Asker: 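For reference, the structure I am asking about is given below.
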Amino acid sequence: MKHLLLLLLATASSVACTEVRNTAIRLFSPEYEPDSAADRDQVVLRDPAFVGTDRTRVRIPVELVRVASGLPQITDIQFFPGSDHRAIALTKQGSVHYLDIAEGTSRELARLDVVTDSEMGLLGAALAPNIDNDGRLFLHRNIENAGRIWTRIEEWQLSWINPGRPDNVSFVQLVFEIEQPYSNHNAGQLAVGPDGYLYFGLGDGGWREDPHNHGQNPLTALGSIFRLDISRPGGPYPPAPDGPFAGDAAYLPGTWAIGLRNPWRFSFGLDGRMIVADVGQYKWEEISIVEPGDNLGWRFREGSRCFAPQEKCQSAGLVGPVYEYGRDDGSSITGGYILMAGVPDLVGSYVFGDFVSGRLWAISLPADRAQAVTAGAALALGKWPILISTFGRDATGRIYAGDYDSGNIYQLRGARDQASSEDS
């Protein structure tokens, strides 16, 4: 059966081709499992393994302290501005939850209709800077309409039981939409930048090797990062007026950067720089510092190496990563945040992980993005029995990791006295 489908994939050239490819993605997308099952009642995870290349890296002892649960297939954690305990969490299946970590409570605000094939679902949230007053919540989800699959960026409205405690969400308006050719590489990150504008990132639209070259097509939103002006509640929300391609008919209005494969995820440093983690194809996962107007290189390059063609590919005008890792470390990067509290040895470092290998690292981002961080300079935080699907950061700068498998959220804390183990 598998060989028959692969043959069909190689020969199909019509609408049926899309259907066959989407079927193959559903059938052959890996069902990821952690190496060992974590005790779901265990409050603190300790004693990670240090394997492979991490054995030669500097190790920082940390522990993962469970602060929330009941969120299987978690896709995003977004704290309320200025808060160290109130957050919105999403699941792939369409659930929007309000969390109060201090109280240990969780309330499902809504369960939205979403398409969940492969990498689709409810994928990202952004909270307006003044959300406690205007209630604006932006969501990224996939829906089906008339047999076609769409990515939608939408505005939703929080309602309140009493100040600070949302009770429900209701749909307000469509902000942006684009049809998806396949059911993977949807990305999903939404974030309000230091400038108060809404940023969102989209993958190249899927299948593999970017068959439609969306990454290098400036007239599609696929494979790009966009920026919208949400400064005036009520919308509609136009592209930010000072965009790098404003007035350039060669680029889709609102384009901030192009050349991405599947940015999962991005955040902003204390200096305002955008930090993007882009999932690789066959060999390389990458982290880039992105500035307005950048071309990150996909599919000419995967990481800093030529991809199409494999030799003598285009390099002029392309921005390389500040860090990349290969299959010895993992195969699906999950971007994180700059840590400012909770682990003294990591203050000011960028913490990230790998969904498949369950490994965590931290790096010091260079002041000059042209100076890449070497693989050996990454700090090893261990290999954990969780599927790291997303991170969150509260107002104090503490970092949280979501486990796609168990639905737990863990806070990252220092553990100077913990023992560590090695696997063969």
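It should be emphasised that the depicted structure is a prediction, and the values quoted were computed from it without experimental measurement. Note that these values count all heavy atoms, side chains included, but never hydrogens, waters or copies made by symmetry.
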Asker: Which one of Asp345, Val343, Leu379, Ile399 satisfies the side-chain contact (heavy atoms from CB on, under 4.5 Å) criterion with Val62?
Answerer: Val343

Asker: Any salt bridge between Arg57 and Asp329, counting N to O under 4.0 Å?
Answerer: yes

Asker: Taking atom types as modelled, find out whether Thr151 and Asn142 have a side-chain donor-acceptor pair closer than 3.5 angstrom.
Answerer: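 A donor-acceptor contact under 3.5 Å links the two side chains.
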
Asker: Aromatic contact between Tyr410 and Trp384, with the criterion being ring centroids under 6.0 Å apart: yes or no?
Answerer: no

Asker: So, using ring-ring contact (aromatic ring centres under 6.0 Å, His included) as the criterion, who are the partners of Phe226 when residues are at least two apart?
Answerer: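 With sequence neighbours excluded, Phe226 shows a ring-ring contact (aromatic ring centres under 6.0 Å, His included) to Phe176, Phe200, given in chain and number order.
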
Asker: With sequence neighbours left out, write down each residue that passes side-chain contact (heavy atoms from CB on, under 4.5 Å) with Val322, or none if nothing qualifies.
Answerer: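 If we apply the side-chain contact (heavy atoms from CB on, under 4.5 Å) test to Val322, skipping adjacent residues, the hits are Ile287, Ile289, Leu365, Pro366, Arg369.
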
Asker: Would Arg136 pass as a cation-pi partner of Trp156, given that its NZ or CZ must be under 6.0 Å from the six-membered ring centre and within 45 degrees of the axis?
Answerer: no

Asker: Out of Phe50, Phe352, Tyr350, which residue meets the ring-ring contact (aromatic ring centres under 6.0 Å, His included) rule with Trp361?
Answerer: Phe352

Asker: How about Glu155 and Tyr237: does a side-chain donor come under 3.5 Å of a side-chain acceptor?
Answerer: yes

Asker: With distance as the sole criterion, is a donor-acceptor pair present between the side chains of Gln157 and Ser170 under 3.5 Å?
Answerer: no

Asker: Is any NZ, NE, NH1 or NH2 atom of the basic residue among Asp54 and Arg59 found under 4.0 Å from an Asp or Glu carboxylate oxygen of the other?
Answerer: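 Arg59 and Asp54: not salt-bridged.
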
Asker: Could you tell me whether Glu154 and Arg141 have a side-chain N and a carboxylate O separated by less than 4.0 Å?
Answerer: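 Salt bridge flag = yes for Arg141 with Glu154.
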
Asker: Quick test of your reading of the model: are Glu177 and Arg152 salt-bridged, counting only N-O distances below 4.0 Å?
Answerer: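 Yes.
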
Asker: With no hydrogens and no angle check, do the side chains of Tyr400 and Gln411 hold a donor and an acceptor under 3.5 Å apart?
Answerer: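 Yes, a side-chain donor-acceptor pair sits under 3.5 Å.
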
Asker: Listing request: all side chain to side chain donor-acceptor pair (under 3.5 Å) pairs with a residue in residues 243-258, at least two apart in sequence or in separate chains.
Answerer: none

Asker: Without hydrogens or angle criteria, can the side chains of Glu302 and Gln281 be said to hold a donor-acceptor pair below 3.5 Å?
Answerer: no

Asker: Can you list every disulfide (SG to SG under 2.5 Å) pair that touches residues 181-244, not counting sequence neighbours?
Answerer: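 For residues 181-244, and leaving out neighbouring residues, there are no disulfide (SG to SG under 2.5 Å) pairs at all.
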
Asker: Would you please say whether a donor-acceptor pair under 3.5 Å links the side chains of Glu324 and Ser304?
Answerer: yes

Asker: Does Arg273 come within less than 4.0 Å of Glu291, counting only side-chain N to carboxylate O?
Answerer: no

Asker: Give a yes-or-no answer on whether the side chains of Arg359 and Thr53 include a donor-acceptor pair shorter than 3.5 Å.
Answerer: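 Note: Arg359 and Thr53 side chains meet the donor-acceptor criterion.
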
Asker: What I want to find out is whether Asp132 reaches Arg86 closely enough, with some N-O distance under 4.0 Å, to be called a salt bridge.
Answerer: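 Counted as a salt bridge, because a side-chain N and a carboxylate O are separated by less than 4.0 Å.
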
Asker: Rounded to the nearest 0.5 Å, how far does CG of Leu122 lie from CG of Asp113?
Answerer: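 Rounded to the nearest 0.5 Å, the CG-CG separation comes out at 11.0 Å.
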
Asker: Using the ring of each side chain (for Trp, its six-membered ring), is Phe355 parallel, tilted or perpendicular to Tyr404, with breaks at 30° and 60°?
Answerer: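 Because their plane-to-plane angle is over 60°, the rings of Phe355 and Tyr404 count as perpendicular.
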
Asker: State which residues pass ring-ring contact (aromatic ring centres under 6.0 Å, His included) with Phe268; sequence neighbours excluded, sorted by chain then number.
Answerer: Tyr199

Asker: Is it the case that the side chains of Glu209 and Tyr282 hold a donor-acceptor pair, with the cut-off being a distance below 3.5 Å and no angle test?
Answerer: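 The answer is yes; a qualifying pair exists.
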
Asker: Applying ring-ring contact (aromatic ring centres under 6.0 Å, His included), name anything that partners His214, two or more places apart in sequence or on another chain.
Answerer: His212

